Amino acid sequence: MSVWDEVVGQQPTVELLQRAVASARGDGSGMTHAWLFTGPPGSGRSVAARAFAAALECEQPEAGCGVCHSCRTVLGGTHADVSTLSTEGVVITAQQARDMLPLAARRPSVGRWRVVIVEDADRLNDSSGNALLKAIEEPTARTVWLLCAPSSDDVLVTIRSRCRSVALRTPPPDAVAELLVRRDGVDPSMAAFAARAAQSHIGMARRLALDEDARIRRRDVVRVLLQLRGVGESVLHAARLLATATAEAEAGTGSRDEHEKADLLRALGADPTARTHPPYVRTQLRDLEKQQKRRATRFVRDMVDRSLIDLLSVYRDVLVLHADPGADLVNGEMRPDLERLARALSPEQLLHRMDAVREARDRIGANVNALLALEAMAVQLRLDA
Ligand SMILES: [Zn+2]
């Protein structure tokens, strides 16, 4: 057992971090106070950052035992000296950043290090980035900053130039499947399917493996492609894609929203079962609902993006079939359907459709109305286009 158990398929990175921990306990020469963990979504950036934090705090001589009190509390998110700055919103605000500074400057209270994990460093804007800059540039002697972002290009240059980079790769599907079997008790053949279908996105693979509804929704999104005809049907398909993502988002956040609301009411001393509340409670509730709405919007966008990545994987499979009819496919369980699509669409037509999907991803990423972007895309995906 070790803190690195869930950092899958990242051996060189794990070795690098282990050397840094060893050095932090020795003469300190190989230790750095600001790190930037990059890697594609689902590759486990924040899992790696947290494992590193645990290894730094570990009480055992072989740092990162995974069983001592420090290791367990860091991994469980309750260690007194390890804090997280993250956001459900589109940006980390300057206020959120400033709120973190006094804590980051404090000496560790129980552990060896004060660690601040910034989960969405790509969501720092100029003002929140500036607020953190000095603290990252000249950290207190026992403070370590661990920033996470999809790529270093996503992080303000002033910030990233102060950080040592750690690049995670997309883990191999075998490694993801092995994790699902070991950690979640998933049946090996299901784990292999889920890892492949999720293209090694660890969280998505876990959901596909454990949630049958998620599997059905994914299959439906992809199946429609195989018979999409006419503009009207395409527009309907776009709406359905968005509705599926919204349903997925509600399944993911609905019960959390209710818990948060109940917690807030209890904290305010209000009765959770009452139908009306005094004005000061209503104000707080409205703020919470606003936050929850923002979070839901972001979640829906993430889910739509996953669906579009699924679509890309289908077209890529069909393109592969053109070149090599016996090749391994990401969506191998749909091979007969994909073979039919290969007969219907030439490689040029497939590339054109992949461009349409990429354009939709870019537009949705740039906050264009998701339904409009999806409609524009779906019209170009028709078999009769
Ligand atoms: Zn330990």
Side-chain angles (χ1 to χ4, degrees), residues 9 39-43 150-151 168-177 190-209 214-229 234 237-238 240-241 244-245 248 301-365 370 373-374 376-385:
S43 59
S151 79
L168 273 62
R169 55 189 180 192
T170 300
D174 291 352
V176 175
M190 172 62 85
F193 155 78
R196 190 166 39 80
Q199 297 174 71
S200 290
H201 186 297
I202 296 169
M204 186 57 62
R206 178 173 187 275
R207 197 163 29 196
L208 282 177
R215 287 198 293 278
I216 293 172
R217 283 193 290 265
R218 179 180 190 279
R219 205 182 53 213
D220 288 349
V221 162
V222 171
R223 279 271 153 82
V224 183
L225 271 194
L226 307 170
Q227 55 230 14
L228 201 58
R229 281 175 203 283
S234 306
H237 177 51
R240 204 154 43 210
L241 230 154
T244 304
E248 193 101 336
R301 280 174 188 273
D302 288 350
M303 293 312 301
V304 168
D305 196 53
R306 281 309 305 172
S307 296
L308 298 185
I309 291 172
D310 289 343
L311 293 186
L312 282 174
S313 77
V314 168
Y315 287 127
R316 202 179 313 116
D317 275 351
V318 179
L319 208 51
V320 167
L321 281 178
H322 270 287
D324 173 8
D328 272 345
L329 303 176
V330 168
N331 303 285
E333 75 284 3
M334 291 189 260
R335 185 177 282 270
D337 292 328
L338 299 181
E339 286 169 346
R340 222 158 12 95
L341 208 52
R343 286 193 291 275
L345 296 172
S346 69
E348 291 72 26
Q349 288 175 309
L350 289 164
L351 289 171
H352 170 72
R353 282 160 179 73
M354 291 171 86
D355 283 343
V357 178
R358 282 198 202 95
E359 193 185 329
R361 287 188 71 198
D362 288 347
R363 294 180 68 195
I364 292 170
L374 290 174
M377 173 194 81
V379 168
Q380 297 186 68
L381 301 188
R382 284 148 41 217
L383 289 175
D384 55 351

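Predicted model, so just to flag it, every value in this text is computed and none were measured. One-based numbering along the sequence shown.
Without hydrogens or angle criteria, S200 side chain to P171 main chain gives a donor-acceptor distance under 3.5 Å. A donor-acceptor pair under 3.5 Å is formed between the side chain of R306 and the backbone N or O of A198. Not one N or O on the side chain of D317 forms a donor-acceptor pair closer than 3.5 Å with the backbone of L329. The backbone N or O of I202 lies less than 3.5 Å from no partner atom in the side chain of R207, so there is not a single donor-acceptor pair. Side-chain atoms of Q349 come within 3.5 Å of backbone N or O of S346 as a donor-acceptor pair.
The two atoms that bring G9 and R169 nearest to each other are O-NE, 2.8 Å, heavy atoms only. When all heavy atoms of A194 and A205 are compared, the pair lying nearest together is CB-O, 3.3 Å. Taking each heavy atom of R335 and P325 in turn, the nearest pair found is NH1-O, 3.2 Å.
Rounding to the nearest 0.5 Å places CG of N331 at 7.5 Å from CD of Q199. To the nearest 0.5 Å, atoms NE2 (H201) and CG (L208) are separated by 10.5 Å. Taken to the nearest 0.5 Å, the CZ atom of R340 stands 13.0 Å off from the CG atom of L321. Atom NE2 of residue H322 and atom CG of residue L341 lie 8.0 Å apart, to the nearest 0.5 angstrom. One distance of note links CZ of R240 with OG of S307; it measures 12.5 Å at 0.5 Å rounding. Taken to the nearest 0.5 Å, the CG atom of L241 stands 11.5 Å off from the OG atom of S234.
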Trace of the side-chain contact (heavy atoms from CB on, under 4.5 Å) decision for S43 with L168: CA-CA 7 Å; S43 59; L168 273 62; 4.2 Å; yes
Please tabulate, one pair per line, all N/O donor-acceptor pairs under 3.5 Å involving side-chain atoms of residues 356-363, not counting sequence neighbours.
| unit_1 | atom_1 | unit_2 | atom_2 | d |
| --- | --- | --- | --- | --- |
| R358 | NH1 | D355 | OD1 | 3.2 |
| R361 | NE | D305 | OD1 | 2.7 |
| R361 | NH2 | D305 | OD2 | 3.1 |

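Partner M354 forms a side chain to side chain contact (heavy atoms under 4.5 Å, CB included) with one of V318, L311, L312 and no other, that one being L312.
Under the 4.5 Å side-chain criterion, counting only non-hydrogen atoms from C-beta, L308 is in contact with I364. Within the 4.5 Å cutoff, no side-chain heavy atoms of Y315 are placed close to those of L351. The side-chain heavy atoms of R353 and Q380, taken from C-beta on, include no pair separated by under 4.5 Å.
Surrounding CG of D324 are more than 12 heavy atoms belonging to other residues, nucleotides or ligands, all under 6.0 Å away.
Contacts of R219 classified as side chain to side chain donor-acceptor pair (under 3.5 Å), with partners at least two apart in sequence or in another chain: none.
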